[in-house]
Amino acid sequence: MTEPAAPHAASFDIAENSAAGAGGRLFQPVGAWILAQASDLDIQLARLDPATTPGLRIDGGRLTQLDTAGAWLLVRLARRLEVQHGKVEFVNFDPSHATLLERVAEVEPEVEPLNAARPNGLTTFLARIGAATIGVGTQARDLVGFLGLAMITLGRSLKQPHRFRLTALVSQIEKTGLDAMPIVGLLTFLIGVVLAYQGAETLRGFGAEIYTVNLLGVSILRELGILITAIIVAGRSGSAFTAQIGTMKVNQEVDAMQTMGLDPVEVLVLPRMLALIVTLPLLTFFANIMGLLGGGVICMVLLDISPDQYMRQLANTTDISHFWVGMIKAPFFAVIIALVGCFEGLRVSGSAESVGRLTTQSVVEAIFLVIIADAAFSILFQLMGI
Amino acid sequence: MAQPETIIEVTGLRTQFGRSVIHDDLDFTVRRGEVMGVVGGSGTGKSVLLKEIIGLITPAAGTIRVLGGDVLNDEAAMQRARESWGVLFQDGALFSSLTVAENIQVPMRERGGLSQTLMDDLARVKLALVGLPADAGPKFPSELSGGMRKRAGLARALALDPALLFLDEPTAGLDPIGAADFDTLIRNLQQSLGLTVVMVTHDLDSLVAVTDRISALVDKKVVVGTIAELMEQDHPWLRSYFHGARARQVAGMAAPNVEKR
């Protein structure tokens, strides 16, 4: 391998070969047949007409460098010529180049893919709709099944309270509740600000600024407090559940747990679900206060409603039932978020890539289900006349 | 080749993480066309040395020259070096969102200038070279077994016909038969493609089957030699490594093969 620093150029010649008898010709690759030149050589070789070159032999005497790309081009050329003229010989190659050619020549010719009959667009479209529908159905069935499993496990561990994992529960309460307070507080405060600001602007037109307080009371206590909190918790803790459990699944920690007789639902799912059942109502309460506070600040600044007046108006006009309507939804949303998060986490299999995919899916699904449940609650309360 | 050309030259290398010194005034050279094994106990910095040479970790002091260029200080030399080496990571490190064939084509695409047909052809050539069936091409890495993933990773490392190949524990996690096959594969490829190979390994079978020389990392430095030379060394770690029951067994079994070669 002591070739001079090659002037990286490659080409080929076709020479008459007197030694091989009449019509014998030599194809001579020249220079460095390497990847860097492969593109040019490919184009040049494509122009070569096999019909004009009978009895060709490939002569490696003038090659300076050969790599797999170059070798492949030669092998491919030989195969093309063989179709018309029979066996093409490789002669005069450097031993190392010859070994490489032999190895590359073992590559099987391309097999045409058999699925030539491509399905048409409409069929594919319908098939995808069908597959997605079945997917959603199976997913819903499995999720309901998982809810049942979690409830059975919960019932069993209530019967044997000593098996209950208190440390895990407290740790989860801290992570999902306490640590979420700043973001939940800030966001609901801002929502209160925005709501009061927009409400005041519109209501001022009717001279009814004071009703801004009613607007705030009803909307925050009844809907926004719980909904914003649930969405933040789904994005924050639901995704964390999926990622944590999913990673454990990838590392086979969940398998290890099962072989030791530990039930993953009991160890992983229950503490998370119970933690959210505890923290989501508390966070909602906190969110309600912060939202009303944000609205109150705007009322004071923009509408000259004093804090005292604000409190009185709120207490007189907003029925306590609005507060309870909001709060009663919290544990249900908590179960939805925790179940979806854990369920998607346990569905992780094999690759790390699926952790990311299922985490996204878990957040989207949890928020979707929370809003569906919220709508269902609205209809229920409407029917009950609350 | 009377005067073998030096392809990697590491001099005075010092590596430090916080207060713990991993390498101290370490010298390491690899000649063109040889297979260099790198061994050492856990935590002696085998993989760290490899990562320093390929530019993933910057050492505290010392120079690293690859193909004559100072890769630590000269970005152009680093770029040239990157184009002339392939790296096989422990579990293949294939991009999980791409098929095997697309994985092999990533370096080719990055380099540019090749038609899709030619890249498809070359991907098939590489697959065949590493002993994978052609139908592995359209599969995703997650659909392959560990051994096949390693082969696919090797195919990707060979995508640009590198002069230099780095292997990080190529046989770790393979069964003995799979590991032996992989060793044979590396030896064959090394001979037919004229590669220079640097191979970090724990596997004595691999060392015996594949390597020309071995660099053992002991006392923050490198002791280099052939297996026979290292077996005569007195250092306690080298003694226990090359004279353990397992080592004697391997040496005994593999001796005839070594003769044949």
Side-chain angles (χ1 to χ4, degrees), chain A residues 1-3 5-6 8 32-46 65-77 79-80 93-115 250 348-357, chain B residues 1-5 7 32-33 68 83-84 91 94-98 104 107-108 111-135 137-138 140-144 149 155 158-163 185 188-196:
Chain A
M1 262 173 250
T2 45
E3 68 265 348
H8 289 291
W33 278 50
I34 54 175
L35 187 67
Q37 310 294 337
S39 189
D40 290 344
L41 289 169
D42 188 29
I43 296 167
Q44 290 177 42
L45 286 173
Q65 254 180 301
L66 184 71
D67 69 4
T68 49
W72 169 249
L73 290 174
L74 288 178
V75 167
R76 204 182 57 178
L77 173 73
R79 284 187 187 160
R80 230 173 80 204
F93 275 87
D94 182 275
S96 68
H97 295 165
T99 339
L100 182 58
L101 277 172
E102 270 167 43
R103 295 219 52 157
V104 171
E106 286 163 17
V107 177
E108 287 163 31
E110 187 165 22
V111 195
E112 284 301 316
L114 292 172
N115 53 350
V250 171
V348 166
S349 60
S351 70
E353 186 216 350
S354 71
V355 177
R357 191 166 45 80
Chain B
M1 262 193 276
Q3 196 63 32
E5 213 183 317
I7 195 161
R32 188 180 284 278
E83 280 169 16
S84 53
D91 196 33
L94 295 165
F95 303 120
S96 52
S97 56
L98 302 180
I104 299 172
M108 301 181 193
R111 204 173 173 292
L114 293 172
S115 72
Q116 185 61 46
T117 345
L118 191 56
M119 287 201 288
D120 287 344
D121 282 353
L122 287 176
R124 279 190 306 117
V125 173
K126 308 290 168 179
L127 282 176
L129 278 181
V130 299
L132 282 175
D135 65 7
F140 284 95
S142 54
E143 298 170 74
L144 301 181
R149 269 206 297 278
L158 292 172
L160 294 183
D161 276 288
L185 172 67
N188 280 341
L189 287 175
Q190 190 263 337
Q191 281 162 353
S192 51
L193 305 180
L195 296 168
T196 308

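On a predicted model such as this, the values are computed, not experimentally measured, just so you know. Every chain is numbered from 1, with letters handed out A, B, ... down the list of sequences. When reading the values below, keep in mind they use all heavy atoms of this one structure, side chains included, and skip hydrogens, waters and symmetry mates.
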Option in Leu160(B), Leu127(B), Val125(B), Leu158(B) with maximal non-hydrogen atom pairs under 4.5 Å from chain A: Val125(B)
Nearest heavy-atom neighbours spanning Thr99(A) and Ser192(B): CG2-CB, 4.2 Å
Leading residue by heavy atom contact count with chain A [cutoff under 4.5 Å; candidates Leu189(B), Leu118(B), Leu114(B)]: Leu118(B)
Atom pair OG/CE of Ser39(A) and Met108(B) - distance to nearest 0.5 Å: 12.5 Å
From Asp161(B) atom CG to Trp72(A) atom CH2, the distance as rounded to the nearest 0.5 Å: 14.0 Å
Where Leu122(B) and Thr68(A) come nearest, the two heavy atoms and their spacing: CD2-O, 4.5 Å
Winner by heavy-atom pair count (cut-off under 4.5 Å) against chain B, out of Ile43(A), Asp67(A), Leu100(A): Asp67(A)
Contacting moiety of Ala163(B), where chain A heavy atoms sit under 4.5 Å: neither
Proximal component of Leu73(A), with respect to chain B [non-hydrogen, under 4.5 Å]: side chain
For Asn188(B) against Arg103(A), the heavy-atom pair lying closest together: CB-NH1, 3.1 Å
Set of residues satisfying side-chain hydrogen bond (donor to acceptor under 3.5 Å, both in side chains) with respect to Arg76(A), sequence neighbours excluded: Asp42(A), Asp121(B)
